[in-house]
2 protein chains.
Amino acid sequence: MTITIKEVAKAAGVAPSTVSRVIADHPSISEKTKQRVRAIMDELHYYPNYNARQLVNQRSKTVGIVLPEANDAFYQNPFFPTALRGINEAASRHQYSLLLSTGDDDISRLDHIKKMIYGKQVDGLIFLYATQNDPILSFVIDEQFPFVIIGNIDGIPMNSIDNDNIRVAKEATEYLWQQGYQRIAFIGGDEKQQFIQQRIKGVQQVLQVHHQPLSDADIYNGFPFLENEGYHIMKQIMKTNRYNGLVIGDQLVAQGVYHAILEYGLLNEYQLITFKPYEVYQNSDYIHYPYFNLHSQQLADRAMEILIEIISNKSDSKHERFVYELIAGDLVIP
Amino acid sequence: MTITIKEVAKAAGVAPSTVSRVIADHPSISEKTKQRVRAIMDELHYYPNYNARQLVNQRSKTVGIVLPEANDAFYQNPFFPTALRGINEAASRHQYSLLLSTGDDDISRLDHIKKMIYGKQVDGLIFLYATQNDPILSFVIDEQFPFVIIGNIDGIPMNSIDNDNIRVAKEATEYLWQQGYQRIAFIGGDEKQQFIQQRIKGVQQVLQVHHQPLSDADIYNGFPFLENEGYHIMKQIMKTNRYNGLVIGDQLVAQGVYHAILEYGLLNEYQLITFKPYEVYQNSDYIHYPYFNLHSQQLADRAMEILIEIISNKSDSKHERFVYELIAGDLVIP
DNA sequence: CTGAAAGCGCTTACAG
DNA sequence: CTGAAAGCGCTTACAG
C-alpha cells in the first residue's frame with residue numbers, strides 16, 4: 001500500500017492540508033508541527049504523488065527534449081550525448097525532470113509533442129537541432145509555448161543559444177592563414193544546417209580580407225556528417241592538389257578527412273582545423289590537428305537554465321522578449 | 001482556456017463519463033455517439049490531461065532511463081546514443097514516454113529514482129549500464145520494481161539483455177588466429193565492467209584450445225574507455241614487439257590503438273579486432289579493421305520491448321520469472 | 001497557526 | 001447504451 005498525505009496526517013494527528021503545507025515548507029506552520037510531521041514522513045517513507053501534484057499545480061517541473069527525425073548523422077555525432085549531459089546536469093540542479101520526445105517521422109513527432117504540451121506533461125521544450133521549416137518549431141512558435149533552441153534560425157525571433165559560428169570560423173581561417181596555409185577549402189556537409197552556413201560566412205569574410213575570396217568550388221557540401229563522407233571527399237580533394245588548408249565544419253567529417261590524409265602519408269601537405277563539442281585530449285600528445293572547443297555541454301546547460309528562467313517569469317509582461325546567448329569557442333592547438 | 005472532458009461532454013450533449021469511454025473506445029458506447037463525440041473532440045482540439053489520467057489509472061505508461069554517474073567514458077561512447085535511439089523507437093511504437101534519470105553522485109541519483117518510482121512517474125526502468133554493487137540496482141531489486149538491465153551481473157537474477165560477449169570474443173580471437181596472428185593480447189579498459197570480464201574469458205577459452213594460454217600480462221586494463229588511453233597503451237605495446245594480434249574490448253580504445261599503429265606505420269605488423277555498437281561504414285572502403293557489430297540499437301529496442309511485456313504481465317504469478325536475452329554479434333570484415 | 005472543503009481532470013464501478 | 005457519483009492524491013483559498 002502506498003503512503004499518502006492522509007496517512008501521514010492521521011499518524012501525526014493533523015489535517016492533510018497541514019501536511020501539504022509542511023511539504024511546501026509554508027511559513028505559517030509552526031516549527032514544532034513541521035518537525036513532527038517530517039519525522040512521520042520519514043518514518044512512513046512518504047513520497048508525494050507527482051501526478052496529483054502536477055494535476056493541481058497545473059505545471060510539471062519537467063522539460064521536454066525535442067529530438068530530430070532519427071538519422072545516423074545526429075545519433076552518431078558526439079554533440080548529442082554531450083548536450084544531453086549538460087541538460088541533465090542543469091535539470092538535476094533545479095530538480096527538473098526530463099522527458100524525451102519520440103517518433104520517427106514528422107507526423108508522429110509532432111503528435112507526441114502536442115500530447116506532451118496539451119497533456120500538461122512539460123512546462124517547456126529544448127530543441128536539440130535547428131532546421132528551417134520544422135513543423136514542430138512552427139507549432140510551438142504559434143502556440144507561444146516556452147522553448148529554447150540550440151542553434152539558430154535566421155529571421156525568426158526565438159529563445160536560442162548557440163556558438164558564435166561566424167567568429168570561430170573566422171578565427172579558424174585566420175589561424176590557418178597565419179600558419180602559412182593559404183590555399184583554403186571549406187568542407188561542410190549538410191548545408192541546410194544553419195551553423196554550416198555561418199561557418200562558411202566566417203571563412204569567406206577572412207579570405208575576403210586577404211583578397212583571396214572563397215569560391216563556390218572551394219566549398220564542399222551535400223553529404224551527412226559522417227566519417228566516411230569526409231574520408232571520400234578528401235580522397236577526391238587530394239587528387240587535385242589545390243589546397244593546403246582545410247576548415248572542416250564537423251568533427252566526424254574531420255576525422256574521416258584526417259584518416260585519408262594519414263593513410264596517404266600527406267600529413268605535411270595539409271593542415272586541417274575543425275570544431276568539437278568538448279576538449280578531447282587534455283594533456284596528451286594524442287592530438288592530431290587544431291580545433292575549436294565549442295563547449296557543447298555548457299551550451300546545453302545554459303539552454304536549460306534559460307528555459308527555466310523563461311518558464312518561471314512567464315506572463316509577467318505584455319511585450320515579447322527573447323534571449324539569445326552566444327557561447328565562445330576556444331582554440332585548442334596540438 | 002484548456003478544453004477538458006467536461007467541455008466536450010457539454011458540446012456533445014453527453015455526460016463526461018461517456019466522453020471518457022469514447023476516448024477509451026469502450027465497446028458499450030454506440031458508434032453514433034462515438035462518432036459525434038470524436039467530431040467534437042477534434043473540433044475543440046481536445047487533448048487528455050495526462051496527470052489526471054495517470055493519477056486515476058495509477059500507471060504512467062512511461063519508462064525511466066537510468067544513466068550512470070556522469071563520466072566522459074560513458075557519454076563519449078557511441079553505445080549511449082545508439083541505445084537511446086533503440087529505446088526511443090520502441091517507446092514510440094508502443095506509445096510510451098521516456099523519462100531520463102538525473103543526478104551526478106550516487107545519492108542524488110538514487111534520490112531521483114525513488115521520486116520517480118514512489119511518485120508514480122514511471123512504470124519501469126531501463127538500466128543503461130551494469131556495474132556491481134550499484135545502489136540503485138540494489139534498491140529496485142529490493143523493491144521488486146520492474147526493470148531491464150542492458151548488460152548483466154553475475155549471480156543475481158534479473159531481467160536483462162546483453163550481447164553474447166564470451167561468444168563474440170571467442171569468434172574474434174579465432175579469427176585472428178586463423179589469419180595467422182597468434183601472438184595475442186587483450187586490451188580492455190574498465191575491468192569492473194562485466195562485459196570486459198566476459199570478453200577476456202572468450203579470448204582465454206580460444207587460446208586455451210590452441211595451447212597458448214593468455215597470461216595476465218597479456219591483459220591490459222585499468223583505464224577508462226577513451227581513445228587516447230588506447231593510443232598510449234599501444235605506444236607502450238609497440239615497444240615490446242610481443243604481439244601481432246590484438247583483441248580490443250572497446251571501440252573508442254580501438255580507435256586510439258589504430259591511430260598509434262597508423263602513426264608508426266606498423267599496419268602490417270598488427271591485426272586488431274574490436275566490437276562496435278553499429279555497422280559503421282557499409283559499402284565503403286573506409287574500413288580499417290575487422291569488428292563485431294553488436295547491434296546496440298536493436299539490443300536497446302528489445303530491452304524496451306521486454307520491459308513493456310513485464311509491466312503488462314505484472315502480478316499474474318507468484319513465482320519469479322526472469323527474462324535473459326542474448327543478441328548475436330556479426331563479424332564485419334574490411 | 002491549523003482545519004474543512006472544494007477542486008484539478010480524469011476513470012470506473014454501480015444503476016438504470 | 002448512458003449517466004450520476006465517488007475517488008485518485010494532492011493544493012489552496014477561506015474560516016477560525
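First the proteins, then the strands, lettered A, B, ... as listed; each starts at 1.
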Grab the [atom1]-[atom2] distance between [X] and [N] for me, whole Å please.
| X | N | atom1 | atom2 | result |
| --- | --- | --- | --- | --- |
| Ile3(B) | dC8(C) | CD1 | C1' | 16 Å |
| Tyr118(A) | dC10(C) | OH | P | 15 Å |
| Arg21(B) | dA15(C) | CZ | C1' | 11 Å |
| His26(B) | dC14(C) | NE2 | P | 14 Å |
| Lys6(A) | dA4(C) | NZ | C1' | 13 Å |
| Asn57(B) | dG9(C) | CG | P | 17 Å |
| Asp25(A) | dT11(D) | CG | C1' | 16 Å |
| Ile5(A) | dG3(C) | CD1 | P | 13 Å |

Kindly say if [X] contacts the phosphate of [N], meaning a side-chain N or O under 4.0 Å from OP1 or OP2.
| X | N | result |
| --- | --- | --- |
| Tyr50(A) | dT11(D) | no |
| Gln54(A) | dT11(D) | no |
| Ser20(A) | dT11(D) | yes |
| Thr4(A) | dC8(D) | no |

Worked verdict on Asp301(A) versus Arg85(A) for salt bridge (charged side-chain N to carboxylate O under 4.0 Å, His left out):
CA-CA 8 Å; Asp301(A) 189 312; Arg85(A) 183 175 177 178; over 6 Å; no
So what does Asn51(A) touch, heavy atoms closer than 4.0 Å: a base, only the sugar-phosphate, or nothing?
nothing
Indicate yes or no: does Lys115(A) engage Asp111(A) in a salt bridge with an N to O separation below 4.0 Å.
yes
[X] side chain: which of [options] is closest?
| X | options | answer |
| --- | --- | --- |
| Val56(B) | dC1(C), dC14(C), dT11(C) | dT11(C) |
| Ala52(B) | dC10(C), dG3(C), dC1(C) | dC10(C) |
| Asn49(B) | dC10(C), dG3(C), dG3(D) | dC10(C) |
| Ser28(B) | dC10(C), dG3(D), dC1(D) | dC1(D) |
| Thr33(A) | dC1(C), dC8(C), dG9(D) | dC1(C) |

Relative to the 5' end of DNA chain D, which residue comes earlier, Leu55(B) or Ser17(B), by the nucleotide with the nearest heavy atom?
Ser17(B)
So which one's nearest nucleotide on DNA chain D is more toward 5', Arg53(A) or Pro27(B)?
Pro27(B)
Separation between CD1 (Ile136(A)) and OG (Ser101(A)), nearest 0.5 Å, reads 6.5 Å
With salt bridge (charged side-chain N to carboxylate O under 4.0 Å, His left out) as the test, would you mind laying out the steps for Asp25(A) and Lys34(A) before giving the verdict?
CA-CA 8 Å; Asp25(A) 202 15; Lys34(A) 277 186 184 170; 2.9 Å; yes
Inspect the surroundings of CG in Asn133(B) and state if more than 12 heavy atoms from other residues, nucleotides or ligands are less than 6.0 Å away.
no
What is the base-pairing partner of dG16(D), counting Watson-Crick and G-U wobble geometry with both distances under 3.5 Å?
dC1(C)
Should the pair Lys114(A) and Phe139(A) be classed as cation-pi, given the thresholds of under 6.0 Å to the six-membered ring centre and 45° from the axis?
yes
